[in-house]
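Here's the structure we're looking at; comments come further down.
Hydrogens, waters and symmetry mates are skipped; everything else that's a heavy atom, side chains included, is used.
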Amino acid sequence: MLNKIKLKNFKKFQQGELQFHAGTNILIGANDAGKSTILKAIDIVLSQTGTDDWRNRSAYGTLMNNQAIQTFLSSDKSVADLPKIQIEAWLDLGTELNSAKFEGMNNSKQKQGQGVLFEFMFDEQFTIDFNQMVDESGDEMNFIPFEFYKATWRTFSGHNYSFRLNPLKSILINNDKTSGDSFSAYSNQLFGSLSLSNRNGIGIALKKALVNVSSSTLLAENGLGVDVNRVRPADLLDAYDVNIQDNKLPLRDM
């Protein structure tokens with residue numbers, strides 16, 4: 001059974017811990033209390049699902065706690081200051097045959113237990129790229145480059161985890177999800193086919209441009225702005241016919 005879910009920097013929870021009990025558990029709370037957030041966290045850590053946005057389901061940076069983002073932006077902006085998302089599912093599998101795969105101390109408490117740990121954190125292979133970006137931007141850096149992050153799932157024993165190993169039978173039914181159109185899906189596929197370096201470059205260039213848009217007086221005077229930490233390139237890109245050089249139209253408008 002699922003004993004406990006522990007959250008760090010996940011959506012509205014900078015730190016959160018919820019204990020479960022045997023049998024039926026019911027989450028009760030006002031709107032925006034975090035009930036759906038807890039269910040989504042369980043789904044991500046155990047079923048390896050993506051975000052609720054079908055266009056870019058691995059964009060876990062959109063789930064980063066806003067206060068954690070602001071704390072980083074007001075810091076010296078070193079690699080050590082970069083926040084990460086952690087979701088821990090503490091399990092009680094008893095002495096089942098496969099329980100040893102889940103048992104160990106690979107958790108935030110470094111305490112013996114059974115469970116799975118999900119982390120969305122900075123990928124150290126991009127340290128040089130990140131430091132160069134900070135040097136070029138200085139105090140004007142207004143977003144976290146989640147393009148330099150990675151998502152990992154490991155059991156408490158330290159082994160890689162796959163949803164196929166999920167010892168619990170669970171499904172999250174979300175009737176708020178919306179479906180997209182085929183043109184956006186195609187644009188997303190094209191973007192995904194680019195090299196990692198090109199995808200990162202496009203994402204960062206878009207965010208830098210949107211920082212200037214967000215700081216415009218016209219937006220500020222009307223209480224509007226752009227949260228560049230929530231921007232995903234796939235939301236903004238359209239596919240074009242490369243054979244047409246002038247007066248280009250998106251494929252969706254042809």
Side-chain angles (χ1 to χ4, degrees), residues 1-11 13 16-25 27 35-64 84-125 146-180 185 188-189 191-193 196 199 232 234:
M1 64 169 283
L2 177 62
N3 267 349
K4 177 171 59 181
I5 193 78
K6 194 170 185 295
L7 308 175
K8 178 179 179 180
N9 293 332
F10 184 70
K11 300 189 77 171
F13 294 97
E17 188 172 310
L18 184 65
Q19 194 82 32
F20 296 99
H21 304 281
T24 302
N25 289 261
L27 302 181
K35 303 183 298 295
S36 296
T37 296
I38 292 170
L39 295 178
K40 184 60 185 174
I42 295 171
D43 202 37
I44 288 175
V45 66
L46 292 179
S47 299
Q48 291 187 311
T49 56
T51 68
D52 285 335
D53 192 312
W54 64 272
R55 292 165 294 187
N56 201 346
R57 296 183 57 76
S58 62
Y60 295 105
T62 62
L63 305 177
M64 183 72 73
K84 65 180 177 180
I85 294 174
Q86 283 186 323
I87 305 173
E88 296 176 43
W90 289 71
L91 308 172
D92 182 1
L93 304 177
T95 57
E96 294 179 14
L97 182 62
N98 293 325
S99 63
K101 297 178 181 178
F102 296 88
E103 187 155 357
M105 301 175 65
N106 181 46
N107 54 68
S108 62
K109 295 184 177 181
Q110 295 187 320
K111 179 181 177 182
Q112 192 73 18
Q114 297 173 341
V116 180
L117 169 65
F118 164 80
E119 292 186 299
F120 182 67
M121 58 188 176
F122 179 72
D123 188 340
E124 292 183 355
Q125 69 169 307
F146 292 122
E147 292 80 4
F148 298 156
Y149 272 55
K150 64 180 179 180
T152 64
W153 285 262
R154 292 187 179 276
T155 66
F156 283 7
S157 68
H159 292 93
N160 289 332
Y161 171 81
S162 165
F163 68 92
R164 295 180 180 84
L165 297 174
N166 188 350
L168 308 181
K169 297 184 183 298
S170 63
I171 183 171
L172 174 63
I173 300 174
N174 186 351
N175 57 10
D176 291 332
K177 288 185 179 179
T178 58
S179 60
N188 196 21
Q189 288 179 348
F191 180 70
S193 70
L196 179 60
R199 292 200 306 271
R232 292 161 291 197

For the residue pair [X] and [Y], establish whether any side-chain heavy-atom pair is separated by less than 4.5 Å.
{"X": "Leu117", "Y": "Asn107", "value": "no"}
{"X": "Lys109", "Y": "Glu88", "value": "no"}
{"X": "Leu2", "Y": "Leu91", "value": "yes"}
{"X": "Gln48", "Y": "Asn166", "value": "no"}
{"X": "Met105", "Y": "Lys111", "value": "no"}
{"X": "Ile85", "Y": "Phe118", "value": "yes"}
{"X": "Tyr60", "Y": "Phe146", "value": "no"}
{"X": "Val116", "Y": "Leu165", "value": "no"}

Item to check | Ring center gap for Phe10 and Phe13 short of 6.0 angstrom | outcome: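 For Phe10 and Phe13, the ring centres are not under 6.0 Å apart.
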Between [atom1] of [X] and [atom2] of [Y], what distance do you get to the nearest 0.5 Å?
{"X": "Leu18", "Y": "Leu7", "atom1": "CG", "atom2": "CG", "answer": "8.5 Å"}
{"X": "Phe163", "Y": "Asp43", "atom1": "CZ", "atom2": "CG", "answer": "12.0 Å"}
{"X": "Glu119", "Y": "Asn106", "atom1": "CD", "atom2": "CG", "answer": "7.5 Å"}
{"X": "Leu196", "Y": "Asp123", "atom1": "CG", "atom2": "CG", "answer": "8.5 Å"}
{"X": "His159", "Y": "Phe156", "atom1": "NE2", "atom2": "CZ", "answer": "14.5 Å"}
{"X": "Leu168", "Y": "Leu93", "atom1": "CG", "atom2": "CG", "answer": "6.5 Å"}

Next on the checklist: Counting neighbours of CD on Glu17 that are heavy atoms of other residues, nucleotides or ligands and sit closer than 6.0 Å, is the number greater than 12?
Outcome noted: yes
Item to check | Neighbour count above 12 (heavy atom, 6.0 Å) for Gln110 CD | outcome: no
Checklist entry - Backbone N or O of Lys101 within a donor-acceptor pair of the Thr155 side chain at under 3.5 Å? => result yes
Heavy-atom pair with the smallest gap, counting every atom of [X] and [Y]:
{"X": "Ser99", "Y": "Gly94", "result": "OG-O, 3.6 Å"}
{"X": "Lys84", "Y": "Asn9", "result": "O-ND2, 3.0 Å"}
{"X": "Ala89", "Y": "Ile5", "result": "CA-CD1, 4.1 Å"}

Next on the checklist: Please determine whether a side-chain nitrogen of the Lys or Arg among Arg199 and Glu147 lies less than 4.0 Å from a carboxylate oxygen of the Asp or Glu.
Outcome noted: no
Next on the checklist: Using the rule given for side-chain hydrogen bond (donor to acceptor under 3.5 Å, both in side chains), can you reason through Gln86 versus Ser108, listing the C-alpha separation, both sets of side-chain angles and the distance that settles it, and then say yes or no?
Outcome noted: CA-CA 9 Å; Gln86 283 186 323; Ser108 62; 5.2 Å; no
Item to check | Verdict with supporting geometry, Thr49 and Ser47, side-chain hydrogen bond (donor to acceptor under 3.5 Å, both in side chains) | outcome: CA-CA 5 Å; Thr49 56; Ser47 299; over 6 Å; no
Next on the checklist: Angle between ring planes, Tyr149 versus Phe120, binned at 30° and 60°: parallel, tilted or perpendicular?
Outcome noted: tilted
Next on the checklist: I'd like to know whether Lys150 forms a side-chain contact (heavy atoms from CB on, under 4.5 Å) with Met121, so could you lay out the CA-CA distance, the side-chain angles of the two residues, the decisive distance to 0.1 Å, and finally the verdict.
Outcome noted: CA-CA 6 Å; Lys150 64 180 179 180; Met121 58 188 176; 3.9 Å; yes
